[in-house]
Undergrad: 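Encoded as structure tokens, here's the structure I'll be asking about.
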Amino acid sequence: SRVEERGWWKGGAMQPDLEVVQIGQGQSFKAWEHGLPFHTVRWHFHPELEIHHVVTTSGNCYIGDFIGEFGPGQLILTGPNLPHNWISDVAEGVVIPLRNRIVQFPEELLRRIAELFPETGGFTALFDLSRRGALFTEACADRVAPIMAELVGAQGPRRASLFLDLLAHLAADSGARALASDAYLPDPSGFMTAGVNKALAFINDNLTEDFT
């Protein structure tokens with residue numbers, strides 16, 4: 001279903017937050033995992049592409065103007081500045097040690113790989129598909145699950161080879177499908193402006209107060 005059918009953003013109430021992705025020194029991408037609760041589990045966006053693999057729990061996912069259900073094994077690629085969130089059906093107070101694994105990387109990395117290695121031409125199509133969010137088949141998700149699990153702790157040349165292997169599996173999945181509608185266009189400048197305006201309004205209203 002589409003978010004517009006639920007009226008999510010009426011009145012500007014659902015502006016996504018900017019997540020600052022910190023890629024480590026000497027690294028070209030970030031590979032990590034987290035459980036629940038966790039501070040990034042919210043409606044947010046970032047310039048980097050993100051590969052998101054669900055390990056445990058089920059619930060609803062929100063990708064641009066798309067709403068759908070998710071469960072263990074779901075594999076999705078989100079593109080630059082495409083807002084997204086996964087909300088698990090978990091009772092309040094319950095702690096989940098591991099919910100999902102994530103790989104985040106700048107779009108320039110894909111372009112540079114394609115320039116250096118013509119054999120990876122399929123990565124360009126993968127990038128284009130990511131603009132609307134891409135849902136991959138269960139078979140593809142099964143193949144990449146152990147790759148992402150190893151990638152979280154991998155180092156050196158092995159880390160680089162796992163990353164290329166991961167992208168190759170995604171690019172080869174002919175059953176991958178776009179999620180957000182053709183008409184959905186992320187507006188990062190608008191997202192950022194909303195946040196800045198709120199901050200400036202707060203400062204203006206509290207000029208005589210101490211605040212951090």
Side-chain angles (χ1 to χ4, degrees), residues 16-36 38-56 61 63-64 70 73-86 98-137 140-173 176 178-180 186 188 191-192:
D17 294 331
L18 170 66
E19 176 187 321
V20 178
V21 175
Q22 296 181 323
I23 297 176
Q25 186 175 5
Q27 297 182 340
S28 56
F29 63 91
K30 181 178 181 179
W32 56 296
E33 60 190 21
H34 71 75
L36 286 177
F38 198 74
H39 64 89
T40 64
V41 181
R42 67 192 193 280
W43 181 235
H44 70 281
F45 73 103
H46 41 72
E48 294 78 11
L49 285 81
E50 175 175 306
I51 304 169
H52 190 281
H53 182 245
V54 177
V55 180
T56 60
C61 61
I63 314 293
F70 76 86
Q74 185 202 61
L75 181 67
I76 285 180
L77 170 66
T78 58
N81 299 312
L82 181 64
H84 52 275
N85 192 16
W86 282 259
L98 174 61
R99 186 183 76 160
N100 47 268
R101 294 189 174 97
I102 297 168
V103 175
Q104 296 166 316
F105 54 96
E107 60 180 282
E108 181 62 21
L109 179 59
L110 273 188
R111 298 186 186 279
R112 294 177 69 179
I113 290 175
E115 290 174 359
L116 291 172
F117 301 99
E119 297 86 351
T120 63
F123 290 178
T124 302
L126 189 65
F127 170 75
D128 292 339
L129 186 62
S130 77
R131 296 286 189 178
R132 295 168 55 195
L135 174 66
F136 297 91
T137 62
C140 179
D142 289 342
R143 288 191 290 269
V144 307
I147 297 175
M148 291 192 67
E150 183 180 353
L151 195 53
V152 170
Q155 297 180 358
R158 177 60 177 168
R159 189 173 190 268
S161 65
L162 285 170
F163 180 67
L164 291 176
D165 196 19
L166 171 61
L167 294 180
H169 281 296
L170 300 187
D173 186 6
L179 296 176
F191 301 156
M192 292 297 292

Undergrad: Please state whether the rings of H84 and H46 are parallel, tilted or perpendicular, taking 30° and 60° as the class boundaries.
TA: perpendicular

Undergrad: Does atom CZ (R112) have a neighbourhood of more than 12 heavy atoms from anything else shown, all under 6.0 Å?
TA: no

Undergrad: Is Q104 close to I23 at the side-chain level, that is, under 4.5 Å between some pair of heavy atoms?
TA: no

Undergrad: Should the pair F29 and F163 be assigned to parallel (<30°), tilted (30 to 60°) or perpendicular (>60°) ring geometry?
TA: parallel

Undergrad: Flag the pair I102 / H34 as yes when at least one side-chain heavy-atom distance between them is below 4.5 Å, and no otherwise.
TA: yes

Undergrad: Ignoring hydrogens, what is the shortest heavy-atom contact between A114 and T120? Give both atom names and the distance.
TA: CA-OG1, 3.4 Å

Undergrad: Counting C-beta onward and ignoring hydrogens, is there a side-chain heavy-atom pair between V144 and F136 closer than 4.5 Å?
TA: no

Undergrad: Please report the interatomic distance CG(L170) to CG(D165), rounded to the nearest 0.5 Å.
TA: 10.0 Å

Undergrad: Is any side-chain heavy atom of E150 closer than 4.5 Å to one of R158?
TA: yes

Undergrad: Under the 3.5 angstrom rule, does the side chain of T56 hit a backbone N or O of L98 as a donor-acceptor pair?
TA: yes

Undergrad: In the structure I gave you, are the side-chain heavy atoms of I51 and L167 within less than 4.5 Å of one another anywhere?
TA: yes

Undergrad: For the residue pair F38 and N100, establish whether any side-chain heavy-atom pair is separated by less than 4.5 Å.
TA: no

Undergrad: Are the side chains of I113 and F123 in contact, using a 4.5 Å heavy-atom criterion?
TA: yes

Undergrad: Supply the atom-to-atom distance F127 CZ to L77 CG, rounded to the nearest 0.5 angstrom.
TA: 10.0 Å

Undergrad: Is there a side-chain contact between Q27 and R159 (heavy atoms, below 4.5 Å)?
TA: yes

